[in-house]
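Read the structure below first, then the notes.
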Amino acid sequence: MKRIIFIILFSSFRILDSMAQTFVQNPSFEGVPGSSNTAPTLWVICRPSPDIQPGFACIQTPPSHGVSYLGLANQNVASLISESIAQQLLDTLRNGVKYCFSIDLASAGFNCASNIFPNDMRLEVWGGTTLCGNDELLWQSPIVTGNDTLWKTHKGYFTPSNNYNFIRLRLLRITNNFVAYILLDNMSDFCIVKPKIFFTSPNENSNQTCSFTVTGKTDSMPASIQLAGKFSGSPLSAIFNSADTSWQANLTYAPLYKGKDTLIVTGMFANGYVTRDTLIINIPAMAGFRSENFCLEDSTTFTDTSIVISGNIIEWKWYFGDGNSLTKTTGGIEKYLYSAPNTYNVSLKVFTDLGCTDSLTKQITITDCDPHTNIFIPNMVTPNNDGLNDKFYIKSITPNTHVEIYNRWGEKIYENDDYKNDWNGAGYSEGIYFFVIRINSKKHSGWLQIVK
Ligand SMILES: [Ca+2]
């Protein structure tokens, strides 16, 4: 008897299936050899009259396991159609679970009893909800011919469509000779086949759009299918079709994730098995840009470096971090002039013709590289000696600042090549005047008002 112990280690799951998966009692069909019309120990007779071999009806084939084996006849008379035995299983065969087992079969051939003839035949394994019930044909052996007189091991797989506590073994005669007779020995205990996951779409390593559907199948019915990966959206577990064990999940990839991702699909099965499969997925678009020139005085340059793996980028949307944005249909270089020194979060979002988006945000700091552009020029002079605006005072002035002042008729009334913040409008009446100031070759012009 072969008992198979499965140990599945997966993540935090640890499933140990051992004794719970012993199903068949006395699978070697042990009993007293040469006993006619007798079932092996722990088996019962459903239809007469099975025999415990060897030693009955001149059958001398040695057992393939133990000291005895089972002989079942199928006789071409109305009173004896197909001999069969049954037993109550130690554990329930469960709906949707895939099982495996093996059994040794042989033909009795044409023997001295002369009432056994070579026939083509099959062994049938039935599931029952009652003892000797034949509710579902779980497995049928390949044809065993009358000439197959040597033991041959057959492997069987079946998936019940209901729960069964009983099994029944029965001989099916294919050809019409008088009596078919099959020998059975060394049936293994039932084992559970580890479930498998099959991806049907997409194919491994295929490029995907950012929103796509993953479909697959399992080889037996899971309780649930769950997915893990760098995706967003719902459902995170698959929609499951119990009719054909297929499943489907619609995934949307979050734009923050780049490049390849491994999608992990985990199947949870009612029998305690956890199985998984993985799929490599390429994220098709990756937004990228390079930024240069961070002086307030000059335009900052942004160069698109986005990559597309599948499809084409059809739209670039720049967010400059100061509330302004720009939408373009080509990549390349964008220039932007900031109005104030500050730290800005600049984002580029790209859109592909496959419906995928990706975005990247970088922080840049704009500084005033020439502080003299930051000079403050007052527009009011009040020469009343109160300490406030008594003189035309230029903040951040440097040596050799050139100042010219004009009256409202355009006549120059003051000029100085090295202004010292000392002009107070003395001698001139109240009113509007105009100034032209050059600091380090930068020209500033505007108006000022004298108030007395
Ligand atoms: Ca045996």
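Everything numeric in this text was worked out from a predicted model, so none of it was measured. Indexing begins at 1, ligand by ligand and atom by atom, following the structure's order. Note that these values count all heavy atoms, side chains included, but never hydrogens, waters or copies made by symmetry. Counting from 1, the numbers follow the sequence of the chain as shown.
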Step by step, would you call N74 with S82 a side-chain hydrogen bond (donor to acceptor under 3.5 Å, both in side chains)? CA-CA 4 Å; N74 184 315; S82 57; 4.6 Å; no

For the Ca ion (ligand 1), does an N/O/S atom of S28 lie at less than 3.0 Å? yes

E30: which N/O/S atom is nearest the Ca ion (ligand 1)? OE2

Is any side-chain heavy atom of F23 closer than 4.5 Å to a side-chain heavy atom of L90? no

Close aromatic pair by centroid cut-off 6.0 Å: F101 and W139: yes

Angle at the Ca ion (ligand 1) between O of S68 and O of H65, to 10°? 110°

Only N/O/S atoms count here: what is the atom of D185 closest to the Ca ion (ligand 1) called? OD1

Shortest non-hydrogen contact from F240 toward T218: CE1-OG1, 4.2 Å

